[in-house]
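Each remark here refers to the structure printed beneath this line.
In this text the structure is predicted, and so the values were computed from the model without any measurement. Note that ligands are numbered from 1 as they come in the structure, with each ligand's atoms numbered from 1 the same way.
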Amino acid sequence: MSLGNSQSPVGGYIGRFAPSPTGPLHFGSLVAAVASYLRAKANDGEWLVRVEDIDPPREVPGATTAILASLGAHGFEYPAPLYQSTRLDLYNQLIDELLEAGLAYRCACTRRKIEAVARRGTTGLIYPGTCRPGKANTARPGTSIRVFTGPDKACFTDELQGRQCCELETEVGDFLVRRGDGLVAYQLAVVADDHAQGITEVVRGTDLLDATHMQRHLQRLLEFQAPKYLHFPVVTDENGTKLSKQTGAAEINDKSASGNLFQALKSLQQRPHESLKTASTKDIWAWAVENWKLSALRGLQTLPDGSMMVQ
Ligand code: GLU
């Protein structure tokens with residue numbers, strides 16, 4: 001498909017960090033930023049920041065400013081961020097292309113109707129195809145739009161987690177690219193932008209492994225080249241719960257930037273010397289890029305929360 005032209009580099013590495021402005025950075029999201037940054041810099045690559053602000057009901061006022069201020073305080077260097085809220089026309093054009101090509105369809109099923117018949121999978125309810133064209137209840141097309149999925153098994157090799165496979169139709173079902181309230185779904189926007197920004201490798205937590213299968217499906221439908229994927233273990237608290245804004249993870253303190261970076265590196269199983277704890281962020285980054293070892297993360301299920309260790 002023609003839209004969303006990629007600015008693909010000539011062979012260079014382009015990575016990204018794509019926060020949703022649902023709250024300020026916490027230790028887990030700092031670790032995500034650090035991991036993707038180090039992977040890009042260790043590959044002499046570029047690192048882009050994309051603000052995923054296309055879900056106003058979930059957005060927290062001031063979060064974007066706070067996130068960008070934190071990245072600045074921690075010494076991340078990057079070009080001007082891309083805001084997804086400025087790109088809705090492109091996303092909707094891609095959705096129209098999918099509809100026109102018969103790869104997506106309008107769905108009038110209410111959530112209640114789906115809940116009554118659907119099984120639950122790892123990504124939520126497995127959409128049972130209730131509204132697929134040709135079924136009796138498609139007379140009144142709805143505003144939500146789903147893409148068709150098929151029964152075939154699709155696999156990819158994650159740079160850290162190895163081979164990953166999913167049978168989308170039975171494990172996820174036809175999934176939304178536009179919601180009933182007219183908002184563009186995360187999966188579609190991410191795929192559009194990873195392509196348009198020429199991202200060569202997506203580095204993010206294992207909590208998004210399931211999303212990757214959906215995103216790779218969309219790349220196939222849109223005929224976009226897939227980037228590589230690297231999912232690192234997520235940071236969990238002492239109860240094994242993933243640190244997240246939803247579970248109230250504390251905002252990182254920008255005044256302790258060096259201590260935060262030091263603990264993020266330790267959480268990522270790198271071995272910074274104690275003296276770096278109080279070094280400048282510039283010196284910490286110089287050491288971390290030089291000494292970055294992805295292999296230290298192999299085989300780990302989770303990463304420790306180092307936020308309590310920051311003095
Ligand atoms: N915006 C997503 C989040 O904050 C991450 C998206 C991604 O890395 O693909 O969870």
Practice item. Please state whether the rings of His195 and Phe224 are parallel, tilted or perpendicular, taking 30° and 60° as the class boundaries. Key: parallel

Review point. Which class fits the ring pair His231 and Phe156: parallel under 30°, tilted 30 to 60°, perpendicular over 60°?
Key: tilted

Exercise for review: Identify the heavy atoms of Val177 and Ile95 that sit nearest to each other, and give their distance.
Suggested key: O-CD1, 3.5 Å

Review point. Taking both backbone and side-chain atoms of Leu208, is any N or O found less than 3.5 Å from an N or O belonging to ligand 1?
Key: no

Practice item. Looking only at distances, please establish whether an N/O atom of ligand 1 is found under 3.5 Å from an N/O atom of Arg204. Key: yes

Check your understanding: Which ligand 1 atoms does Arg16 reach within 4.0 Å, using its non-hydrogen atoms?
Key -> 7 (C), 8 (O), 9 (O)

Review point. Can you tell me the protein heavy atom closest to atom 3 (C) of ligand 1 and the distance?
Key: Ser20 OG, 3.6 Å

Check your understanding: Can you tell me the protein heavy atom closest to atom 5 (C) of ligand 1 and the distance?
Key -> Ala18 O, 3.4 Å

Exercise for review: For Arg50 and Gln197, test the side chains for any donor-to-acceptor distance below 3.5 angstrom and give the result as yes or no.
Suggested key: yes

Review point. Considering only the SG atoms, does Cys155 lie under 2.5 Å from Cys165?
Key: yes

Point to revise | ligand 1-proximal atoms of Phe17, by part, heavy-atom distance under 4.0 Å | key: neither

